[in-house]
Q: 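Mind having a look at this structure? Questions to follow.
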Amino acid sequence: MITSVKELENVARNIRANIVECIASLGVGHIGGCLSIADVLAVLYGKHMRYDPKDPKKEGRDRLVCSKGHAGPAVYSALAEFGFFPKEELYTLNRGGTKLPSHCDMNKTPGVDMTAGSLGQGLSCALGAAIGSKLKGDGATIYAIIGDGESQEGQIWEAAMYAGSHKLDNLIVFTDYNKLQLDGTIADICDLSPLADKWRAFNFAVWDIPGNDVAEIDKAITEAKSVSGKPKMIILNTVKGKGVSFVEEAKVGSHSMNVSAEQRDIALKEIEGGR
Amino acid sequence: MEINEKTLMRDVLVNFLRERMSEDKSVMVIDADLAKCAGTIALEKEFPDRALNVGIAEANMAGIAAGLASYGFKPFITSFAPFASRRIADQAMISICYAKQNVKIVGTDPGIAAELNGGTHMPFEDVSIYRAIPDILIYEPTDAAEFAAALPQILDYPHPVYIRMHRKNPPLMHKQGCDFDLMRAEVLEEGTDVTIVATGLMVSTSTEAAKLLKAEGISAEVICCPVCKPLDVATLKASFEKTGAAVTAENHNVNNALGSAVCEAAAENCPVPIERVGVKEKFGEVGKVPYLRDVYGLNAADVVAAAKKAVGRKKIIRFQT
């Protein structure tokens, strides 16, 4: 378990570097929404989640559902960083026959706990796992990461209503609130604000924090784990493309974008420079 | 439970679930505010932890079931057939089938059985939707006795299953404890001139049609085909080779359900003239079953007419070849 903030920040940098490497090796990918969640993945796999990379289906493990399934490369980058499979496999991303498809697939990738990609569905699956964990009494925590654009899907709120109503307190959900979606800004297309109030109204305990700050994420998760009787929502106010300036500057264009070998080198230098 | 002419299919389902939930803690049932209709409401009191009701949120129900299956549970989800199919088409496709989660989906009151709920609740498309999804098995029980024999096999089937269940009691075509194989179509009556392949409500209608045809000197073979996916091609092929003509009969749109499946199998294995009895390019409407049979052409007389047409075409095809 990694406890120091500095070390967690280093892990987040490694995950970012992995994301850049695998997407650049292919030349295109959902890089913006991958980079925005590198920090929460570092804190989850580095400190909070209980798992065994040598036995990825181990009973009683904590689980993560990346409901915004297009952030698969970010999840794979974290899983490779924590020993679920060799880092070299990241270079097979989206190539024919790969274990690492663009959207998360539990039947292909060691360590992926639920298939997701058709937006809005993963949170319900996480609820099912949370109910299953309570029935089995295994003490697991079920984590889910949803997108802010994804939160425009009605099924998210069906799941929210049920989780709040049934006090699923072993469920911790993160919203990657980077305020951008494929076609434009969240505010212009279909605004989510006031997002924290919405989740409170659905009977969630809510944290509304800087989403690319590992210390804040760690603190929120620690507090969330200690709250009983409610499901938890940690709103991560993130920057889409965080850590790589040309991706950040692309804003809406970063949802899925081309990344050249030259851009990869620039990005890796920036990420390394932060150490 | 003893099964007789009055036994409701929903009682067979509830009885089976009660038995299995008692002995196997992984079996669950989830409803979406239609548990009183499916009869599963009784299980909510008996198994409060494993008989869930998610409210009117079928997509969430399907996702929760997938999540539970990923945790080692064996969930059955129930709703009216339209909401257990078209309403959750994407969740059934991705969270359940693509993710390989073994969820059993029960859709009740299919086709004209929806009666007074009318067009919004009368699915002639549910089988079409599931037929387009890999791995899932589609089962439409013929009667309560067959359903009781099928349920243990459905639970053991290692993939998702869509059960198109009549809540009430279609005529008993089988006896309790019948020898049933989920993967096989069953020759109910042997014949030599034409094969009638029927499912659900239309099985008893087709045996009635066979009697009428016999009176006119036409010998019809009736095949009960409760599973249209995967289709028991071998049984159909053997029959078609004998009779040389066929009719399909279903309480569903003829497109991409039993009629289509049989035509495709015949075209690839044993081409014979086929006429399809079923709903053709129509939405549902309110009414009782006899009225609706008239509206959609689902009477024994319609099967008889189709059989004669198929037999007639057999001669034409023979002439041309």
Q: From A:Lys136 NZ over to B:Lys25 NZ, what is the distance, rounded to the nearest 0.5 angstrom?
A: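 It is 13.0 Å, given to the nearest 0.5 Å.
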Q: So which heavy atom on A:Met106 is nearest to which on B:Ala99, and how close?
A: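 For A:Met106 and B:Ala99, the tightest heavy-atom pair comes out as SD-O, 3.9 Å.
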Q: What part of A:Ile142 lies closer than 4.5 angstrom to a heavy atom of chain B: side chain, backbone, both or neither?
A: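 For A:Ile142, side-chain heavy atoms alone lie under 4.5 Å from chain B.
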Q: Got a second to check how far B:Asn53's CG is from A:Tyr162's OH, nearest 0.5 Å?
A: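 Rounded to the nearest 0.5 Å, the CG-OH separation comes out at 8.0 Å.
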Q: Can you say whether A:Ala126 sits under 4.5 Å from chain B via the side chain, the backbone, both, or neither, judging by heavy atoms?
A: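 Nothing of A:Ala126, per the 4.5 Å heavy-atom cut-off to chain B.
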Q: Give, as side chain, backbone, both or neither, the part of A:Ser165 having an atom under 4.5 angstrom from any heavy atom of chain B.
A: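 No part of A:Ser165 comes within 4.5 Å of chain B.
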Q: Looking at A:Ile131, A:Asn107, A:Leu127, which one has more heavy-atom pairs under 4.5 Å with chain B than the rest?
A: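 Top option by heavy-atom pairs under 4.5 Å: A:Asn107.
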Q: What closest approach, in Å, do A:Met114 and B:Ala66 show between heavy atoms, and which atom pair accounts for it?
A: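 Between these two residues, the closest heavy atoms are CE-O, 4.0 Å.
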Q: Specify the closest pair of heavy atoms between B:Asn60 and A:Glu158, including all atoms of both residues, with the distance to one decimal.
A: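 For B:Asn60 and A:Glu158, the tightest heavy-atom pair comes out as N-OE1, 2.9 Å.
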Q: Atom CD1 in B:Ile64, atom CG in A:Leu168: separation rounded to 0.5 Å?
A: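 If I round to the nearest 0.5 Å, the distance is 8.0 Å.
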Q: Select, from A:Leu123, A:Asp113, A:Thr115, the one with the greatest count of heavy-atom pairs under 4.5 Å involving chain B.
A: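 Heavy-atom pair counts peak at A:Thr115.
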Q: Suppose a student defines contact as a heavy atom less than 4.5 Å from any heavy atom of chain B. Which residues in residues 57-69 of chain A would they list?
A: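 From residues 57-69 of chain A, the residues near chain B are A:Arg61, A:Arg63.
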Q: With sequence neighbours left out, what residues match B:Asp90 under salt bridge (charged side-chain N to carboxylate O under 4.0 Å, His left out)?
A: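 Expected list: none.
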Q: Heavy-atom cut-off 4.5 Å, strictly under: side chain, backbone, both or neither for B:Met28 against chain A?
A: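 When you check distances to chain A, only side chain atoms of B:Met28 fall under 4.5 Å.
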Q: List the atom of B:Phe73, the atom of A:Gly132, and the distance in Å for their closest heavy-atom pair.
A: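 Smallest heavy-atom distance, with atoms named: CE1-CA, 3.5 Å.
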